[in-house]
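Values in this document were obtained by computation on a predicted structure and should not be read as measured data. Just so you know, residue 1 is the first one in the sequence shown, and it goes up from there.
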Amino acid sequence: AMLAVLGALMAVTLSACGNDTENEGPAATAPTSAAQVQAIADNLLTAYNMGSYEAFSRDLSLPAKLIVDEKAFSEFRYENLPVTGPYLAITSVEANPGRQDAVHASYLVHARFQHQNAAVLVVTVSPSGEVDGLELYPKSER
C-alpha cells in the first residue's frame, strides 16, 4: 500500500499541470521515445537506490518537484526500500495503451527489485521530456 503513495502524490501533478500548451512551440510536441523513458526511469530508480533526491528530481517537472520534495522522497524511500529491496534492472518499456494525448505520453516500465521480481513504474512525460507523473506498482511474479 505504501508503494503506491508516490504514485498518488505524483498523479496529482498531472492535474496541477493542466493543458498549458499555449507556451509550447512545435518542438515541444515531439514524442518521447521508449529509449528516452528507459533512461529517465533508470535514473529515477538508481537515485532511489542511492537515496539521492538531487539525482531523482533531475527529470521532474517543477510541479512534480513541488509535490514530491526531498522530505517526501526520503520518507517514501525509508518506508519502501526494505519492502522492494534495491532496484536491479529494467526489463521492458512500452507505451501505456489508452493513456496518450497531445500533452502527455505515458509509459509502463517493468523493473526488477531485489524483493520484487516484477514492478510496474508508470512514467508520464510532457512533450519537453519532463516527468509529470510517476506511479510504482509492485507485483509478484509466479
Side-chain angles (χ1 to χ4, degrees), residues 1-21 23-25 27-142:
M2 289 306 297
L3 292 171
V5 171
L6 184 60
L9 290 173
M10 293 295 288
V12 174
T13 303
L14 290 176
S15 61
C17 291
N19 287 333
D20 187 18
T21 55
N23 299 326
E24 295 178 10
T29 61
T32 303
S33 73
Q36 290 169 312
V37 171
Q38 181 167 344
I40 290 168
D42 184 62
N43 176 69
L44 290 167
L45 294 171
T46 299
Y48 171 75
N49 281 356
M50 297 182 323
S52 171
Y53 180 75
E54 183 178 330
F56 178 82
S57 64
R58 179 184 79 188
D59 296 310
L60 300 182
S61 66
L62 179 58
K65 287 178 186 176
L66 293 174
I67 292 171
V68 181
D69 61 12
E70 190 165 2
K71 181 180 178 197
F73 169 75
S74 294
E75 289 173 356
F76 177 81
R77 186 177 180 277
Y78 176 78
E79 292 175 9
N80 292 292
L81 190 60
V83 176
T84 63
Y87 153 70
L88 300 175
I90 291 175
T91 57
S92 69
V93 177
E94 60 189 281
N96 192 356
R99 296 213 24 211
Q100 310 299 318
D101 61 42
V103 181
H104 294 97
S106 180
Y107 287 84
L108 302 174
V109 178
H110 300 270
R112 268 185 311 130
F113 292 79
Q114 182 179 18
H115 305 306
Q116 299 287 326
N117 289 331
V120 177
L121 182 69
V122 179
V123 179
T124 304
V125 293
S126 68
S128 64
E130 290 183 309
V131 175
D132 283 335
L134 186 62
E135 304 166 54
L136 177 62
Y137 300 103
K139 292 199 266 187
S140 297
E141 252 181 21
R142 295 179 190 201

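A distance-only check finds no donor-acceptor pair linking the side chain of S57 to the backbone of L60 [under 3.5 Å]. Under the 3.5 Å distance criterion, the side-chain polar atoms of N49 are matched with a main-chain donor or acceptor of Y87.
Contacts of E70 classified as salt bridge (charged side-chain N to carboxylate O under 4.0 Å, His left out), with partners at least two apart in sequence or in another chain: none.
In this structure, CG in N43 is found 15.0 Å from OH in Y48, a value given to the nearest 0.5 Å. Between the CG atom of N80 and the CD atom of E75 there is a distance of 11.0 Å, given to the nearest 0.5 Å. Atom OG of residue S61 and atom CD1 of residue I67 lie 8.0 Å apart, to the nearest 0.5 angstrom. Atoms CG and CD, on L81 and Q114 in that order, are 8.5 Å from each other to the nearest 0.5 Å. Put simply, CG on L121 and OH on Y137 are 10.0 Å apart, with the number rounded to the nearest 0.5 Å. A distance of 8.5 Å separates CG of D59 from NZ of K65, quoted to the nearest 0.5 Å.
Between V120 and V109 there is no side-chain heavy-atom pair separated by less than 4.5 Å. For the pair L134 and V123, the minimum side-chain heavy-atom distance is below 4.5 Å. With a 4.5 Å cut-off on side-chain heavy atoms, L44 and F56 count as touching.
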(message) Working note: V83 + Q116, criterion side-chain contact (heavy atoms from CB on, under 4.5 Å); need CA distance, chi angles, decisive distance, verdict.
(response) CA-CA 8 Å; V83 176; Q116 299 287 326; 4.2 Å; yes
(request) Take H115 and T84, measure what side-chain contact (heavy atoms from CB on, under 4.5 Å) needs, and give me the verdict at the end. (result) CA-CA 5 Å; H115 305 306; T84 63; 5.7 Å; no
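Residues V122 and N96 approach most closely at CG1-ND2, 3.8 Å, considering heavy atoms. Taking both residues in full, the closest heavy atoms of L45 and A111 are given as CD1-CB, 4.1 Å, listed atom of the first, atom of the second, then distance. When all heavy atoms of G133 and V131 are compared, the closest pair comes out as O-CG1, 3.4 Å. When all heavy atoms are compared, the tightest approach of M50 to R77 is C-NH2, 3.8 Å. Here the shortest heavy-atom pairing between I40 and G129 reads CD1-O, 3.6 Å. Nearest heavy atom pair, residue H104 against residue T124, reads CB-CG2, 3.6 Å.
The aromatic rings of F73 and Y53 lie tilted to each other, with the angle between the two planes from 30° to 60°.
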